[in-house]
2 protein chains.
Amino acid sequence: MERVISIPKPTLERLPLYYRRLLQWREEKVSIVSSADIGKNLGIDSAQVRRDLTYFGAVGRPGIGYKVEELISYLGELLGINNVNEAIIVGVGNLGRAICSYPGFAPYGLSIVAFFDIDPQIVGTKIRGHEVFHVNDLIHIVKRLKIQIGIITVPAREAQKVADQMVAGGIRAIWNFAPTRLHVPEEVIIRSEDLAVGLATLSHYLVREDLSERAEGLDRGISGS
Amino acid sequence: MERVISIPKPTLERLPLYYRRLLQWREEKVSIVSSADIGKNLGIDSAQVRRDLTYFGAVGRPGIGYKVEELISYLGELLGINNVNEAIIVGVGNLGRAICSYPGFAPYGLSIVAFFDIDPQIVGTKIRGHEVFHVNDLIHIVKRLKIQIGIITVPAREAQKVADQMVAGGIRAIWNFAPTRLHVPEEVIIRSEDLAVGLATLSHYLVREDLSERAEGLDRGISGS
DNA sequence: TAGTATTCGTGATAATTTTCACAAATGCTA
DNA sequence: TAGCATTTGTGAAAATTATCACGAATACTA
């Protein structure tokens, strides 16, 4: 139905796993890897790896494998990492702070350029050298800095209001950590991280552990090895 | 190949969404909902909702719908929520603290009963009324309290070591927030939350936004509405 | 150069998940 | 009770994703 070939969602989710492992290999001066190497390392079928890589436009050489440097470059392009992403974050509680300092982002070029909160105790203080602004200034600042990504780490009941303001400021992608569903115009992209999903599936499997059956799945999912 | 009918993974991921919304309905004194109601609210096809609910063992009445209270009870059972889950958390940085205070868990009966860290500055201090222990005491305490769930919020390079200790202490399920792949015995369940996956997919879609094609997906995924 | 061992790329197949569509069940109204 | 409007539960079809399996490309060795 679609003429544009889109990357399957599961493939997209594996992409960061590939990327992170490749960075490690580069660090270790490994210059070429095979789909089997990648697969064994990440617990993914090697045919799956090859299929994924072709989506990314990567080209390997039979009998040899893929050039690490080249793959990194391809994936980086696909992830929009090669150009820095500027973001703002609203809600500077523990979760907000945690996200700011999450080391996993380092390779992804995400740069948080402004912090917002509503708590007068927090507004005006500094975090990692940046002043925390009041949410009321959000629209203005976002417009001025032409920010594209907004991160929401406020309580669920505030989240929609914050999202509305982000949209009003022209933000095009929202990363939502509040456990609630947000309504935004169609052109705005939303990704919700729902920690309860993780907890729920874990505890479900725990409940079921007496049954021998267990799902496979990997980093995003449950695994038994 | 499996005789045991297992719940599809995507269904499992939707389960907490159902659960949370149902709690809201109960709060609002709504006693009966139809699959269409649920679907419209969560952006899931109503047939999908019905299919999912049958996996959960729920039974609705044609022409009427499902009893909210009954569904909550079924889902709660499936999630192991009805009996409290005790967990420990290792790594009391921002992320660890954020998880402890994440409001989304409230309905899930997760109870964090001990905190661990390696930083002497933190060990011995109190968090939410609980003393923070040194990681060296982990095995002992976990064994003694018979804890089943361990949460890892330490830097990636420490994560494997922590996982090993958890396993040694008899923990059966690990929720890993460190951006690395853990190796554990087959009987231990692992779920890794990789925040970079979220960031990566978000920024990917941002890069692609000029293409009209866009994935659908909902709370766990990207959506344009 | 010929032979062997790798490894990619991909058509075909299998497995999984979603959606369609409709019979059957239920309540409501008159 | 009969007729109508809902809504479930589920076979069957469609769509999506994962795996198999093999020809072709490449490097290496003798």
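This is a predicted model, so every value here is computed, not measured. Reminder, nothing fancy here: chain letters follow the sequence lines and each chain counts from 1.
One can place CD1 of A:Ile32 at 13 Å from P of D:dT26, the figure rounded to the nearest angstrom. Residue B:Leu53 contributes atom CG, which lies 17 Å from atom P of C:dT17 at whole-angstrom precision. Rounded to whole Å, atom P of D:dT16 lies 14 Å from atom CG of B:Asp45. Spacing between atom CZ of B:Arg14 and atom C1' of C:dT16 amounts to 12 Å, rounded to whole angstrom units. As a whole-Å value, the separation of A:Asp52 CG from C:dC8 P is 13 Å. What separates NZ of A:Lys67 from P of C:dC8 is a distance of 14 Å, to the nearest Å. Summarising the geometry, the separation between NZ on A:Lys9 and P on D:dA15 is reported as 15 Å, rounded to the nearest angstrom. The distance from atom CD1 of A:Ile7 to atom P of D:dT17 is 12 Å, rounded to the nearest whole Å.
For the pair B:His204/A:Leu78, a side-chain contact is recorded, criterion being any heavy-atom separation below 4.5 Å from C-beta on. A 4.5 Å side-chain heavy-atom check between B:Ile99 and B:Leu95 finds at least one atom pair inside the cut-off.
Note that the two end axes of the helix from C:dT1-D:dA30 to C:dA30-D:dT1 enclose an angle of 0°, each drawn from 5 base pairs, rounded to 10 degrees.
Shown here are the side chain to side chain contact (heavy atoms under 4.5 Å, CB included) partners of A:Ser35, two or more places apart in sequence or in another chain: A:Ser46, A:Val49, A:Arg50, A:Tyr66. Under the side chain to side chain contact (heavy atoms under 4.5 Å, CB included) criterion, B:Glu69 pairs with B:Arg26, sequence neighbours left out. Looking at residues two or more places apart in sequence or on another chain, you find a side chain to side chain contact (heavy atoms under 4.5 Å, CB included) between B:Thr11 and B:Ile7, B:Pro8, B:Arg14, B:Asp52, B:Tyr55, B:Phe56. Remark: B:Ser31 engages no residue in a side chain to side chain contact (heavy atoms under 4.5 Å, CB included) (not counting sequence neighbours).
Counting only distance, with no hydrogens or angles, the side chain of A:Thr153 and the backbone of A:Gly91 share a donor-acceptor pair below 3.5 Å. Looking at A:Gln160, its side chain does come within 3.5 Å of a backbone N or O of A:His183 through a donor-acceptor pair. With hydrogens and angles ignored, the 3.5 Å screen pairs a side-chain donor or acceptor of B:Asp37 with a backbone N or O of B:Ser34.
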Using the 3.5 Å cut-off, write out each protein N or O paired with an N or O of nucleotides 3-7 of chain D and the distance between them.
unit_1 : atom_1 : unit_2  : atom_2 : d
D:dT7  : O4'    : B:Gly63 : N      : 2.9
D:dT7  : O2     : B:Gly63 : N      : 3.2

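For A:Arg51 against C:dT10, a side-chain-to-base donor-acceptor contact under 3.5 Å is absent.
Taking for each of A:Ala47 and A:Pro10 the nucleotide of DNA chain D with the nearest heavy atom, the 5'-most of the two is the partner of A:Pro10.
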